[in-house]
Amino acid sequence: YFSGALIRREYDYGSYTTYESGTPIVFGRLGVRSPWQSGAWKGIVDAYLRGARSAIRRDANGAIEDRGDAYTTLNLAAYADLGEGMSVRLGLNNLLDRRYRPIDELLAAGRSVELTLSVRF
């Protein structure tokens, strides 16, 4: 699968305009998903690349306020429906331990694990 966006946003400061608004012009996700089932449990395994192009944001005077890095990360996630309104997600993020800083954010986490349990009631 592929999902992505092309965005070109213009800031108009009256006497000055710029397309360097801080929004990456290209970002998206490319991956492969596969369903699985084990007894009563079922879910999806998802291996994907997520990335964005670098971005710059300029202020009303044309000076650079912030810069964000271009990046691509390799990620793996597994989702499971546990029944009775419960589900769990395990994400293994940034497996190649890529260092980058998206615009307006702190340095991104390196290799990391994310565990989410959801209950509907």
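The figures here come from the full heavy-atom set of this structure, side chains too, leaving out hydrogens, waters and symmetry mates.
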Taking only distance into account, with no hydrogens and no angle test, what donor-acceptor pairs under 3.5 Å do side-chain atoms of residues 49-59 form with protein atoms, sequence neighbours excluded?
from: Arg57; atom 1: NE; to: Glu65; atom 2: OE1; distance (Å): 2.9
from: Arg57; atom 1: NH1; to: Asp104; atom 2: OD1; distance (Å): 2.8
from: Arg57; atom 1: NH1; to: Asp104; atom 2: OD2; distance (Å): 2.9
from: Arg57; atom 1: NH2; to: Asp104; atom 2: OD1; distance (Å): 2.9
from: Arg58; atom 1: NE; to: Glu20; atom 2: OE1; distance (Å): 2.2
from: Arg58; atom 1: NH1; to: Gly62; atom 2: O; distance (Å): 2.8
from: Arg58; atom 1: NH2; to: Glu20; atom 2: OE1; distance (Å): 3.2
from: Asp59; atom 1: OD1; to: Asn61; atom 2: N; distance (Å): 2.9
from: Asp59; atom 1: OD1; to: Gly62; atom 2: N; distance (Å): 3.0
from: Asp59; atom 1: OD1; to: Ala63; atom 2: N; distance (Å): 2.9

Inset, instruction - Determine yes or no for a side-chain-to-main-chain donor-acceptor pair under 3.5 angstrom, with Asn75 supplying the side chain and Thr73 the backbone. - result: yes

Inset, instruction - Scan residues 72-85 for pairs that pass salt bridge (Lys or Arg N to Asp or Glu O under 4.0 Å), counting only residues two or more places apart or in two chains. - result: none

Inset, instruction - Please write out which residues are connected to Tyr19 in a hydrophobic cluster, directly or through intermediates, given that two of Ile, Leu, Val, Met, Phe, Trp, Tyr count as joined at side-chain heavy-atom separations below 4.5 angstrom. - result: none

Legend entry - Arg67 atom CZ, over 12 foreign heavy atoms within 6.0 Å: no

Inset, instruction - Answer whether the closest heavy-atom distance between the side chains of Leu82 and Val88 falls below 4.5 Å. - result: yes

Legend entry - Partners passing side chain to side chain contact (heavy atoms under 4.5 Å, CB included) against Trp36 (at least two apart in sequence or in another chain): Ser38, Trp41, Val45, Ala80

Identify all side-chain donor-acceptor contacts of residues 106-121 below 3.5 Å with residues at least two apart in sequence or on another chain.
from: Arg111; atom 1: NE; to: Leu95; atom 2: O; distance (Å): 3.0
from: Arg111; atom 1: NH2; to: Leu95; atom 2: O; distance (Å): 3.4
from: Glu114; atom 1: OE1; to: Asn93; atom 2: ND2; distance (Å): 3.2

Inset, instruction - Each residue besides Ile103 in its hydrophobic cluster should be listed here, by chain and number; the cluster joins Ile, Leu, Val, Met, Phe, Trp and Tyr at side-chain heavy-atom distances under 4.5 Å. - result: none

Inset, instruction - Apply side chain to side chain donor-acceptor pair (under 3.5 Å) to Asp69 and list each qualifying residue two or more places apart in sequence or on a separate chain. - result: none

Inset, instruction - Could I get the full list of ring-ring contact (aromatic ring centres under 6.0 Å, His included) partners for Tyr79, not counting sequence neighbours? - result: none

Show me, pair by pair, the donor-acceptor contacts under 3.5 angstrom made by side chains of residues 22-33, not counting sequence neighbours?
from: Thr23; atom 1: OG1; to: Arg9; atom 2: NE; distance (Å): 3.3
from: Thr23; atom 1: OG1; to: Arg9; atom 2: NH2; distance (Å): 2.8
from: Arg29; atom 1: NE; to: Tyr1; atom 2: OH; distance (Å): 3.0
from: Arg29; atom 1: NH2; to: Tyr1; atom 2: OH; distance (Å): 3.4
from: Arg29; atom 1: NH2; to: Asp46; atom 2: OD2; distance (Å): 2.9

Inset, instruction - Go through the structure and list residues passing ring-ring contact (aromatic ring centres under 6.0 Å, His included) with Tyr48, not counting sequence neighbours. - result: none

Inset, instruction - Using ring-ring contact (aromatic ring centres under 6.0 Å, His included) as the criterion, list what pairs up with Tyr13, not counting sequence neighbours. - result: Tyr11

Inset, instruction - Considering only Ile, Leu, Val, Met, Phe, Trp and Tyr, and joining two whenever side-chain heavy atoms are under 4.5 Å apart, list the other residues clustered with Tyr71. - result: Tyr100

